[in-house]
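Comments concern the structure below.
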2 protein chains.
Amino acid sequence: MNLRRIAELAGTSHTTVSRALNNSPLVARETRERIVRIAEELGYQINAGARGLSTGVRMTVGLLYSYHPGRQIASFYTAQLMHLMGARLAARGFDMMIEAFDPGLDDLTSVVRMIRQKKADGLLVIGYDISEKLATAITSVTNKCVFVNPAYSPWIHRYPAILIDHRWGGKLAADAFRKRGRRRCAAVAEDDPQFAERVSGFAEEFERDSPEYCGTASQLVLRDGTYETAYALAESRLAELASYDGIFVASDVSAIGVMNALLDNGIPVPDQVGIIGYDDVEWIHYTRPPLTTVHQPKAEVAEAAAAEIVERVFEERTESSTHFYKPELVWRGSV
Amino acid sequence: MNLRRIAELAGTSHTTVSRALNNSPLVARETRERIVRIAEELGYQINAGARGLSTGVRMTVGLLYSYHPGRQIASFYTAQLMHLMGARLAARGFDMMIEAFDPGLDDLTSVVRMIRQKKADGLLVIGYDISEKLATAITSVTNKCVFVNPAYSPWIHRYPAILIDHRWGGKLAADAFRKRGRRRCAAVAEDDPQFAERVSGFAEEFERDSPEYCGTASQLVLRDGTYETAYALAESRLAELASYDGIFVASDVSAIGVMNALLDNGIPVPDQVGIIGYDDVEWIHYTRPPLTTVHQPKAEVAEAAAAEIVERVFEERTESSTHFYKPELVWRGSV
DNA sequence: CTGAAAGCGCTTACAG
DNA sequence: CTGAAAGCGCTTACAG
């Protein structure tokens, strides 16, 4: 089924059918109605590939998510973001093509493949571990690209990006401990710019009223973001951790690792040590105690990313622009 | 950049360039090498839309996942499956376009949109809540469609499908309780064919050795699969649940709901009541006690689905075929 | 082994 | 308001 066939059935040219189906004003109302009715009866929809070849826009964006081989999926947070972005793009008539990429890889050609093959009009790149090298490589191929949740860094302002104000998130955690009267606190995080922001926001806010902030001892740096690593670190530093009033752990999964290590070794949470996580993944309130954590505004991020990439696809803007969103604290039972 | 431009640079016709880049044997080795080098230098890749228009295959499959409005995402299990399927499709040179759909919706036209617009060559449909009506509607539009993890039902054999042997999964749970000497057991599940299989497999295996299987009292039917519903049901039937040796809950999220309700009300798990879940979602071992559960073979399902849809896209087969995969029990600490 | 030509299914400037 | 024609960037049967 194609325009030509519909045209035969409607007794017009395929040119007119094209116009009618695209709501061009250059078609008599009666003609349009007849054509639309026939198309509907046949379940006909315009061939997107042919149209894209002609117009240059394919109404498709590529969603690249950073993925570390060996993990099951980047994270549940990423999965939720994907779902929300898909919905916001669909609302704008765009389809979303997803693909994982390894941010540590040297060969960056696969990352821009969708653009080169003209399968996607633009790219949404999710991941806090985007390097400047990768950002440069992508944007040298296309300026229709938006980075979502990259780590904060001086160079990020040169690229269109949607970021979360993690420094603010860290402050919220410090403020929460203070409100609960927890004065001897420490932070646990991966050694990564994204987490550095969270921790320095936490430390800064904490030190304002000069309570005993114990800082981030070198031993409290996580090698990676897995549950197992956090659990092992906490078990190996049990005495030290048990001596704090509160521990801020810069991601939920790591926070659960720390909390379980304490609980499994008889250190009561929150009675002896309070814990605050970061992310607010969906299942986090299933733990006992349920985790108090910093919520990332996923819905806002998804909407902003979709709006931004669609604007760029239609070339309404090309200059870089950085959007910041503020996280919120969710009180539960771990502090 | 296009074939014509490469042809100019290489001093050949675009026909030859097309052949060279597609590894046609109808090109002299020397000519091919020259063309390939030029293309690589320019980062040129064949325009997938134009090629698809010509060949009829777009090297893209649509992934439709059932989604109930109001939830954040269908499930983490679905998210993991998506990731794995994307990888298995990529290995075959296919891209994956994802879209959520509401399985309760009457208007089914949006479900086949990707096919009608020729954006996708085939469809992978994930969801246990696919109705016969929906299956019929989709397959009347395209036979290049594979249902992944649909509920078991008599009519499902008429369609290509990848299913998990949930009856077997239920048996595994019963066997596990028996091994632990738990004799008074019950099952909790949603009222849905998918879960009915799990529960009847459980009951059948349990009754073989005639221990005291307490069945699924009408009170133990869940209205939906959320944590909250399971928690509320368990709290309202606390005395009854506390009287069992073991409770099989037919999904992990619901199992955590039941387990937390018991724990929060002072009923020790696993000491007094053992609990076995179903799914083995990634975060399930973070709970205390970690949940013993039935693992669904995600990797195998993803590979089978990818293989099956790709075969169908290339029309190597069109008849329906049902694949079954067996789940496995994962011992942890809840029984 | 190579190339000119037709065709895939659209859109749109141009002429009427 | 309508249509014939050219063009988007490929593939492939046909002729050499």
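Just so we're on the same page: letters track the sequence lines, and every chain starts at 1. Worth saying up front: this structure is predicted, and the values here are computed from it rather than measured.
Between the side chain of B:T142 and the backbone N or O of B:T139 there is no donor-acceptor pair closer than 3.5 Å. Looking only at distances, no side-chain donor or acceptor of B:S24 sits under 3.5 Å from a matching main-chain atom of B:A20. Side-chain N or O atoms of B:R92 include none that pairs as donor or acceptor with a backbone N or O of B:V310 at under 3.5 Å. Side-chain N or O atoms of B:K144 include none that pairs as donor or acceptor with a backbone N or O of B:D121 at under 3.5 Å.
Residues B:R4 and B:E8 are not paired through a salt bridge, judged by the lack of any N-O separation under 4.0 Å between the basic side chain and the carboxylate. Using a cut-off of 4.0 Å between Lys/Arg side-chain N and Asp/Glu carboxylate O, A:R113 and B:D95 are scored as salt-bridged.
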Each base of DNA chain C marked ( ) or [ ] if paired in-strand (Watson-Crick or G-U under 3.5 Å), | if paired to another strand and . if unpaired gives |||.||||||||.|||
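Scanning all heavy atoms of the two residues, the minimum distance from B:R58 to B:K118 falls at CD-O, 2.5 Å.
Sorted by first then second residue, the ring pair (Phe, Tyr, Trp, His ring centres under 6.0 Å) pairs that include residues 6-28 of chain A, not counting sequence neighbours, number zero.
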Got a list of side-chain donor-acceptor pairs under 3.5 Å for residues 35-48 of chain A, not counting sequence neighbours?
from: A:Q45; atom 1: NE2; to: B:Q117; atom 2: OE1; distance (Å): 3.4
from: A:N47; atom 1: OD1; to: A:G49; atom 2: N; distance (Å): 2.9
from: A:N47; atom 1: OD1; to: A:A50; atom 2: N; distance (Å): 2.9

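Shown for residues 110-118 of chain B: no residue has heavy atoms falling under 4.0 angstrom of DNA chain D.
Going from atom CZ of B:R32 over to atom P of C:dC1 covers 9 Å, rounded to whole Å. We find that CD1 of A:I6 is positioned 18 Å from C1' of D:dT2, with the value rounded to whole Å.
Separation of the P atoms belonging to D:dA13 and D:dG9 is 23 Å when rounded to the nearest angstrom.
For B:S131, the side chain to side chain contact (heavy atoms under 4.5 Å, CB included) partners at least two apart in sequence or on another chain are B:K133, B:L134.
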Per-nucleotide protein contact string for nucleotides 4-11 of chain C, where B marks a base within reach and S marks sugar-phosphate only (heavy atoms under 4.0 Å, - for neither): BB-BBBBB
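When the side-chain nitrogen and oxygen atoms of A:T31 are compared with OP1 and OP2 of D:dT2, one or more of them lie within a distance under 4.0 Å.
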